[in-house]
Amino acid sequence: MTFSAVDHGMMARALQLAERGLFTTSPNPRVGCLLVRDGWIVGEGWHVKAGEPHAEVLALRAAGLKAKGATAYVTLEPCSHHGRTPPCAEALIAAGVARVVAAMTDPNPLVAGKGLTMLQAAGIATASGLLENEARELNIGFVSRMTRGRPWLRLKTAASLDGKTALNNGVSQWITGPDARQDGHRWRARACAILTGIGTVRDDDPQLNVRAVETTRQPLRVVVDSKLETPLSARILQACPVLIAGAVENADKAALLRSTGAEVQILPNAVGKVDLKALLEYLAQRGVNEVHAEAGFKLNGSLLREGLVDELLLYLAPCLIGHAASGLFNLPELTSLDGKQRLQIRDLRQIGADIRVLARPV
């Protein structure tokens, strides 16, 4: 399929609209829609929140009668099933649009090509694959949940240039500067859940909420706590929603944690620790698309060793702490460089005084 320069420009605009829902659409995908007739934009919309109108419906409302004969540019294939809202494909047909261009087909098995098929059956010209990579990246967590049955896991950490995250006495605040910390909160805000371990809760007593950027939604906080040792005074328990993932049944401890409003799930693996893969699958069942992990040396290493890390978000501060300080990942010693974990750097930029590296395991 060949797309024109106008097609590319209009889909780029639709992606900009979709990104406005970056912090709010969960568990739904981020979607933008543009209606164009005779070279003019006659309507545009983006999905804001689950349960509210989809992008196509808002664009059609904005266009009114001008939607008839228009081309719709949508960042994700229009839905064909009845969920909380009626099918968008039906709305486009009823409005009389002449052509629909989708950036990508919907990975949701409930849709998966059926939306485009419905449009074609109504005599509407369709095409897909325009700026598909950009659309997929915008909804990478939704795609992961639909195709793999688990969320996209982004592991965030901050270190000195010599790869140290904290002093031996536990002091770690603050290695990076305020700009990097604010940037980290933007990544928190786009996630559906923030994952940490009991060690971080005990040592740092973090809130792990979004504070440095404006958002109307707080992600679910998830604590990997095999023995249910999270202190009832922990700041992370002061505001819901919180999920404690344990490995050992202890009715008394579980009841105390639940009394704070937290949810407790027991998910043991064969060696008495939390089954991390099962935890991610459970989160996917709850509609979690993206998990943002901010943990310590041990849990970071476990996530990497089990192949559960999809992306590394690493902030490097222009300082040196020394070899005795704590490192980034608890990984086994290598005897050959053939065993090294290779990474593909996806983005590299300076944030304030610090360097931000976005990389994915190869």
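Residue numbers count from 1 along this sequence. Values below: every heavy atom of this structure, side chains too, minus hydrogens, waters and symmetry copies.
In this structure, CD1 on Ile244 lies 7.0 Å from CD1 on Ile236, to the nearest 0.5 angstrom.
Remark: Glu311 engages Arg360 in a salt bridge, criterion side-chain N to carboxylate O under 4.0 Å. Look at Arg150 and Glu306 and you find no salt bridge, because none of the NZ, NE, NH1 or NH2 atoms lies under 4.0 Å from a carboxylate O. A salt bridge links Arg148 with Asp310; the closest basic N to acidic carboxylate O contact falls under 4.0 Å.
Val210 places a side-chain heavy atom less than 4.5 Å from the side chain of Pro219. In this structure the side chain of Val288 never reaches within 4.5 angstrom of the side chain of Arg145, judged on heavy atoms. Considering only heavy atoms from C-beta on, Thr25 stays 4.5 Å or farther from Asn289 through its side chain. Between Val201 and Asp225, the closest side-chain pair of non-hydrogen atoms is not below 4.5 Å.
The environment of CG in Leu65 is sparse: at most 12 heavy-atom neighbours from other residues, nucleotides or ligands sit within 6.0 Å.
Both Leu314 and Leu320 sit in one connected hydrophobic cluster of ILVMFWY residues. Membership requires side-chain heavy atoms under 4.5 Å apart, directly or through other members.
Among Glu19, Glu137, Glu290, the one residue that satisfies the salt bridge (Lys or Arg N to Asp or Glu O under 4.0 Å) test with Arg30 is Glu290. Checking Leu195, Leu153, Leu267, Leu299 one by one against Leu276, the side chain to side chain contact (heavy atoms under 4.5 Å, CB included) holds for a single residue, Leu299.
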